[in-house]
Amino acid sequence: QIARMDPKHCRGQPEIKPLEALQVRTDRGVTSFMVEVADSEREREYGLMCRRSLPADRGMLFLFPTAAPQMFWMRNTLIPLDIIYIGENGRVVSISRNVQPLDESGAPSAGPAKFVLELAAGRAAQIGLLPGDRVLHRALPHG
């Protein structure tokens with residue numbers, strides 16, 4: 001369990017390189033992002049903690065070994081986020097919109113998710129992202 005840090009002294013994780021291309025397909029079309037991929041337990045645990053900003057075209061994709069109900073919280077997270085839960089079929093299960101910084105109440109998925117995409121708060125609404133929409137990335141199933 002990661003200790004709570006004083007936001008003033010919060011030290012972020014280094015950016016996970018290389019950034020990878022990810023697309024989201026909605027009724028409004030395809031939107032492209034460059035994402036950091038968190039696929040180790042440590043990377044998933046720290047995520048976007050202590051980051052001071054997240055550009056509109058950037059995000060972080062979390063890869064889990066198996067699909068399961070997920071719950072993300074905002075300990076040491078200083079920027080509001082949209083948290084998009086994605087099933088093992090590559091389709092959006094549910095979206096926790098505009099989750100507030102440092103909120104530790106937790107934002108649960110509405111069903112099993114194997115992938116989680118974090119975007120800057122408000123981006124899901126801007127691109128018209130809804131449950132059932134498809135996310136395209138090398139780690140997700142195609143088709």
- So which heavy atom on P108 is nearest to which on M71, and how close? N-SD, 3.7 Å

- Stepwise side-chain contact (heavy atoms from CB on, under 4.5 Å) test for R138 and V37: CA-CA 11 Å; R138 62 153 181 93; V37 177; 4.1 Å; yes

- Message: Rounded at 0.5 Å granularity, tell me how far CE in M60 sits from CG in L19.
- Response: 9.5 Å

- Item | Interatomic spacing from CE in M74 to CD1 in I83 - rounded to 0.5 Å | 5.5 Å

- Message: So, taking the atom named OG in S94 and the one named CD1 in I86, what distance separates them when rounded to the nearest 0.5 Å?
- Response: 10.0 Å

- Message: Taking atom CD as the centre, does E104 end up with more than 12 heavy-atom neighbours from other residues, nucleotides or ligands that are less than 6.0 angstrom away?
- Response: yes

- Item | Atom CG of D6 with >12 non-hydrogen neighbours under 6.0 angstrom | yes

- Could you pull out the closest heavy-atom pair between R44 and D39, with the gap in Å? NH1-O, 3.1 Å

- Task: Look at the side chain of T77 and the backbone N and O of I79, then say whether any donor-acceptor pair between them is shorter than 3.5 Å.
- Result: no

- Do I127 and R28 have side chains that get closer than 4.5 Å, going by heavy atoms? no

- Item | Steps toward side-chain contact (heavy atoms from CB on, under 4.5 Å) verdict (L22, V135) | CA-CA 7 Å; L22 175 144; V135 179; 3.8 Å; yes

- Can any side-chain N or O of D82 pair as donor or acceptor with the backbone N or O of R97 at less than 3.5 Å? no

- Task: Compare all side-chain heavy atoms of T31 with those of R123 and state whether any distance is below 4.5 angstrom.
- Result: yes

- Item | R75 side chain reached by R4 side chain, heavy atoms, under 4.5 Å | yes

- Message: Checking the side chain of Q70 only, and the main-chain atoms of A113 only, is there a donor and an acceptor separated by less than 3.5 Å?
- Response: yes

- Message: Salt bridge or not between R58 and E15? Use side-chain N to carboxylate O under 4.0 Å.
- Response: yes

- Hey, does V116 have a side-chain heavy atom less than 4.5 Å from the side chain of I84? no

- Would you give the length of the straight line joining atom CG of L61 to atom CG of L140, rounded to the nearest 0.5 angstrom? 6.0 Å

- Using a 4.5 Å cut-off on heavy atoms from C-beta on, say whether the side chain of Y85 contacts that of S96. yes

- Note on the structure: Here the pair of heavy atoms bringing C10 nearest to N76 is SG-O, 3.8 Å

- Are F72 and V99 close enough, and set up right, to give a side-chain contact (heavy atoms from CB on, under 4.5 Å), and what steps lead you there? CA-CA 10 Å; F72 273 46; V99 183; over 6 Å; no

- Message: Using the rule given for side-chain contact (heavy atoms from CB on, under 4.5 Å), can you reason through F115 versus L63, listing the C-alpha separation, both sets of side-chain angles and the distance that settles it, and then say yes or no?
- Response: CA-CA 5 Å; F115 313 98; L63 310 180; 3.6 Å; yes

- Query: From R134 CZ over to N89 CG, what is the distance, rounded to the nearest 0.5 angstrom?
  - Reply: 6.5 Å

- Item | Heavy-atom neighbours of E20 CD exceed 12 at 6.0 Å | yes

- Item | Reported CG-to-OG distance for the pair D57 and S32, which is rounded to 0.5 angstrom | 9.5 Å

- Note on the structure: All heavy atoms of V93 vs all of P131, minimum pair found to be O-CB, 3.7 Å

